[in-house]
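Shown next, in structure tokens, is the structure this report addresses.
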Amino acid sequence: MSTLATTVLRERDAVAALAPAWVDLWRRSPSATPFQSPAWLLPWWDSFAPGTLRVVTVHRGDRLVALAPLYREAPAEARPEGHAPRRLLPIGLGTTDYLDVLIDPDAPDAAARLVGAAAADCDWDEWELTDLAPGAAATTLPVPPGCTETVDEAAPCPVLALPAGADDIAAALPPRKRRAIRMDRNRASRRGAVEIVTAHDEEEVGRLLAVLITLHQARWTARGEPGVFADARVRDFHERALPGLLAAGLVRLDAVTIAGAVAAVMVQLVDCHRRYAYLAGFDAAFAYESPGTLLFAAALEDAARAGVREFHFLRGDEPYKRGWGAVVTHSRRRLFRRTETQA
């Protein structure tokens, strides 16, 4: 059997060239989510690039068996008490709800040790692994030599367990939510024809994304807040990422129309076992019909038909998520700090 070899990639083109092997490893990794795919993380880097790449790879011969998509944060300005710590961070930080590394299940212990050892040789004072879902591969990484570790909760992430088959979806929901769905469907149908529209090509993705951005920003502007799309890099990231995610079968972009008008749009990330409600926007003109309820109900029914067993509402413990019957889980954060100064 071939020995394992590590490399730390620092150039974007070298990381992009790894994409086919990266996808293969992603498919073999039981804890992987769409957030760990190159279709998500490469566009993120192209849009944000907040430092210098430190992507750790482990190969057995020609086979990629581990990948840690990391970067060294750009140097911060000096603080009054001294310089800010040099931080090693996961690519995707901020816009990504679940962060992780990828480790082949055929070489879990050895690959995890080598990832930790290679990352430890990078130039940092703190290495943060945050937004780790339960069962994330990064929870198995050893504490680097000469470091202390802090572990704590990162964010509440409600999850709804789905029954097998769309006919049983109502049984998974609280009675109050079932009544709300019936009432909102009746209200919407009285206003006009109700249709769920799904984007199937890049042109449709672009059209619905533009509507989503408009609706999302209008909602936050009405609250006197900027909203995520006020940052041009966030919009650029979504415009870059969604077509590739669609081609890879990792995203759904759905809308509900009422009387021919788009009343709500939602982006879901998808894999074989889970759906992830990532971002949504709703038209306040249709508040009486609750188009968000209609869109989430349709999403849950479609997920159940596809055999999906978990629907993730992702970061945040907003009351509406519990209203669907979701149970709060928490992501985790691991922070390694050097006890010895590294040059």
Side-chain angles (χ1 to χ4, degrees), residues 9 11-19 22-23 26 32-55 67-74 87 89-102 128 130-131 133 154-155 157 199 201-221 225-255 265-271 275-281 312-316 331:
L9 303 178
E11 300 295 332
R12 190 268 182 201
D13 289 347
V15 177
L18 200 65
W22 183 346
V23 170
W26 181 87
T33 75
F35 295 117
Q36 280 74 64
S37 71
W40 180 270
L41 292 179
L42 288 175
W44 186 93
W45 185 259
D46 290 338
S47 296
F48 294 96
T52 54
L53 289 167
R54 300 289 190 273
V55 176
L67 182 140
L70 307 170
Y71 70 95
R72 225 291 297 278
E73 186 179 36
R87 298 198 301 166
L89 301 170
I91 296 175
L93 188 67
T95 61
T96 305
D97 292 70
Y98 291 147
L99 296 160
D100 202 1
V101 302
L102 297 176
E128 181 174 340
T130 192
D131 294 311
C157 301
D201 58 38
E202 187 171 343
E203 181 179 353
E204 292 174 341
V205 164
R207 180 178 65 83
L208 288 185
L209 176 60
V211 176
L212 168 60
I213 292 172
T214 298
L215 295 179
H216 195 273
Q217 286 303 103
R219 178 187 176 195
W220 287 100
T221 300
E225 299 181 40
V228 297
F229 288 107
D231 185 339
R233 297 172 301 173
V234 174
R235 179 167 187 156
D236 181 69
F237 163 63
H238 285 83
E239 290 173 344
R240 289 176 184 268
L242 291 187
L245 288 164
L246 182 70
L250 298 178
V251 74
R252 283 182 63 95
L253 194 56
D254 296 329
V265 182
M266 180 165 62
V267 175
Q268 298 175 70
L269 297 184
V270 306
D271 59 34
R275 296 281 175 92
Y276 310 84
Y278 180 68
L279 191 63
H312 290 242
F313 287 86
L314 299 178
R315 282 185 301 206
S331 60

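For clarity, every value in this text was computed on a predicted model and none was experimentally measured.
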Going from CD1 on Ile213 to CG on Leu208, what distance comes out if it is rounded to the nearest 0.5 angstrom?
11.0 Å

If you draw a 6.0 Å radius around CD in Glu202, do more than 12 non-hydrogen atoms from other residues or ligands fall strictly inside?
no

Take Trp22 and Leu102 through the side-chain contact (heavy atoms from CB on, under 4.5 Å) test and state the conclusion after the steps.
CA-CA 9 Å; Trp22 183 346; Leu102 297 176; 3.6 Å; yes

Sequence-distant partners of Trp40, side-chain hydrogen bond (donor to acceptor under 3.5 Å, both in side chains), two or more places apart
Thr96

Within this structure, what is the CG-OG distance for the pair Leu42 and Ser37, rounded to the nearest 0.5 Å?
8.5 Å

Measuring only between side-chain heavy atoms, which start at C-beta, is Leu314 closer than 4.5 Å to Cys157?
no

Expected output: side-chain Gln36 to main-chain Thr33 donor-acceptor under 3.5 Å:
yes

So His312 and Tyr276, would you call those rings parallel, tilted or perpendicular, with 30° and 60° as cut-offs?
tilted

What is the distance from atom CG of Asp131 to atom CG of Leu93, rounded to the nearest 0.5 Å?
7.0 Å

So which heavy atom on Asp236 is nearest to which on Ser47, and how close?
OD2-OG, 2.8 Å

Would you mind reporting whether Trp44 and Pro50 have side-chain heavy atoms less than 4.5 Å apart?
yes

Quick one: pull up OG1 in Thr95 and NE2 in His238 and give me the separation to the nearest 0.5 Å.
7.0 Å

Determine whether Phe229 and Leu279 satisfy the following criterion, side-chain contact (heavy atoms from CB on, under 4.5 Å), listing intermediate values before the conclusion.
CA-CA 11 Å; Phe229 288 107; Leu279 191 63; 3.4 Å; yes

Closest approach of Ala255 to Val265 (non-hydrogen atoms, all atoms of both residues)
CB-CG2, 4.1 Å

Is there side-chain contact between Arg252 and Arg275, with at least one heavy-atom pair below 4.5 Å?
yes

So, do Glu128 and Arg87 sit near enough that their side-chain heavy atoms are less than 4.5 Å apart?
yes

Test ring pair (Phe, Tyr, Trp, His ring centres under 6.0 Å) applied to Trp45 - qualifying residues, sequence neighbours left out:
Tyr71

Please round to the nearest 0.5 Å and tell me the distance separating atom CG of Leu67 and atom CG of Leu18.
6.0 Å

Considering all heavy atoms of both residues, which atom of Val23 and which atom of Pro38 are nearest to each other, and what is their separation?
CG2-CG, 3.6 Å

Determine yes or no for a side-chain-to-main-chain donor-acceptor pair under 3.5 angstrom, with Ser331 supplying the side chain and Ala133 the backbone.
no

Mind running side-chain contact (heavy atoms from CB on, under 4.5 Å) on Val267 and Leu212 for me, showing each step along the way?
CA-CA 9 Å; Val267 175; Leu212 168 60; 3.6 Å; yes

Measuring only between side-chain heavy atoms, which start at C-beta, is Leu53 closer than 4.5 Å to Leu9?
no

Applying side-chain hydrogen bond (donor to acceptor under 3.5 Å, both in side chains), which residue pairs with at least one partner in residues 204-220 are found, sequence neighbours left out?
His216-Trp220

From Leu250 atom CG to Gln268 atom CD, the distance as rounded to the nearest 0.5 Å
13.0 Å

Closest non-hydrogen contact found for Gly94 with Arg315 is O-NH2, 2.8 Å

What heavy-atom pair brings Gly281 and Leu215 nearest, and what distance separates the two atoms?
O-CD1, 3.7 Å

Closest non-hydrogen atoms of Leu99 and Ile91, given as atom of the first, atom of the second and distance, are CD2-O, 3.5 Å

Take Phe237 and Asp46, measure what side-chain contact (heavy atoms from CB on, under 4.5 Å) needs, and give me the verdict at the end.
CA-CA 8 Å; Phe237 163 63; Asp46 290 338; over 6 Å; no

